[in-house]
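Notes follow once the structure below has been shown.
Along the sequence shown, residues are numbered consecutively beginning with 1. We use all heavy atoms of the structure for the numbers below, so side chains are in, but hydrogens, waters and symmetry mates are not. These numbers were taken from a predicted model, which means no experiment stands behind them. One-based numbering, in listed order, for ligands and for the atoms of each.
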Amino acid sequence: PATQVKTLSELLLSPQAAMRIPNPVPPKLLETDKLKLKLDIVIGEGNYGKVYKGKLTDEQGNQTTVAVKTLHPVGDLEDLKREFRMMKNLKHENIVGICCELMETEKQEMCMVMEYLPMGSLKEYILENKERITTLSLLKFAMDIAEGMDYLEECRIIHRDLAARNILVKDEHSVKVSDFGLAQEPNEGNYYILRTQRSLPFAWYALECIESYKFSHKSDVWSYGVTCWEMFTRGLDPIDNLPTDPEELKRRLKNGYRLTAKSQCEPNIYTKLIRRCWDHQPSERPNFSEIKHIIRELRE
Ligand code: ADP
Ligand code: MG
């Protein structure tokens, strides 16, 4: 049951963020005609346009720092609308939240207003903190991502772009899944035509995705494995060892080639968690609920 949200800060701090109901009642989004948006610095470069830090002021004068994903003039508005439609229905503490309906910036660019995660992407965070970050902290991050992904599975959404660059760091102990630009909406039928021109993240993709464009929750599990690999190797085993040509990558994966973890990554985590996400057979890969269980065991 959704409580009436009155101010933006209430919306963002709402304890119901942890609500675990499939296809939940969307949170009440703030009406854009009553909001003032002011853009500050650029914090990310998106596939559509820039991501800014910004300040949102509501009718009562409450101010909240937000992240604003803009659509540059040549971008496709339908892509941004799709991403927004999906995200606005999601409410979970490990999924980045949306603040209001789509709105326009001062420069009349369409934009999507999200909660601001001050510590940026997990990819950068790992690189900056690789010397001091503990395995236990990384296991907590892995758990947060699995919680968010388990919730997405309940909502029947396939993310399709799970990678450290698309996980945002809230604080030293928690992260959230973000960037639904490639996500597949539920009930779309068998075909899904990708409108956007963005190139696909093959290095994160399961064999069946590269081979036959078959995406499923289990292909998200594969990408989850690559994301964990990025975390636990702390950026020390570069992913560019993988061939970039999809045909060559397909051949290598078919022959059993997988990313290895030479540095830093604990062998236990590699074999019991990461490697299991890359099973040839999707059905042999653990689902996100099993992954949470594996992480609990690894923590002990
Ligand atoms: P794209 O679809 O173009 O990849 P993303 O949604 O991944 O765009 O955003 C690009 C980058 O912008 C992220 O990697 C991150 O550094 C930054 N960013 C995006 N959303 C937020 C947010 N809510 N809070 C803080 N930084 C963000
Ligand atoms: Mg991204």
What angle sits at the Mg ion (ligand 2) between OD2 of Asp179 and OD1 of Asn166, to 10°? 90°
Return yes or no for this condition: an N or O of Leu117 is under 3.5 Å from an N or O of ligand 1. yes
Any N/O pair Tyr116/ligand 1 closer than 3.5 Å: no
Quiz item: cation-pi between Arg165 and Trp204, 6.0 Å / 45°: yes
Let me know which of Glu147, Glu115, His92 forms a side chain to side chain donor-acceptor pair (under 3.5 Å) with Lys176. Glu115
Does ligand 1 have a heavy atom under 4.0 Å from the side chain of Lys53, from its backbone, from both, or from neither? neither
One finds that the ligand 1 atoms under 4.0 Å from a non-hydrogen atom of Ala67 are 21 (C), 22 (C), 23 (N), 24 (N)
Between Tyr151 and Phe288, does the ring centroid distance fall short of 6.0 Å? no
Nearest option to atom 26 (N) of ligand 1, as decided by whichever heavy atom of Val113, Asn166, Ile43, Leu182 sits closest: Ile43
Can you name the ring pair (Phe, Tyr, Trp, His ring centres under 6.0 Å) partners of Tyr270, sequence neighbours left out? none
Please confirm whether Arg165 comes within less than 3.5 Å of ligand 1 when only nitrogen or oxygen atoms on both sides are compared. yes
Lys/Arg-Asp/Glu bridge criterion (N-O < 4.0 Å) met for Lys69, Glu83: yes
Could you tell me whether Asp161 approaches ligand 1 through its side chain, its backbone, both or neither, with non-hydrogen atoms closer than 4.0 Å? neither
Within the structure, is a non-hydrogen atom of Gly181 found at a distance of less than 4.0 Å from ligand 1? no
Criterion side chain to side chain contact (heavy atoms under 4.5 Å, CB included) on Ile269 and Leu139, from CA distance to verdict: CA-CA 9 Å; Ile269 292 174; Leu139 281 172; 4.2 Å; yes
With a heavy-atom distance limit of 4.0 Å, tell me whether Glu115 approaches ligand 1 through its side chain, its backbone, both, or neither. backbone
Verify whether one side chain among Asp171 and Ser174 offers a donor that lies under 3.5 Å from an acceptor in the other. yes
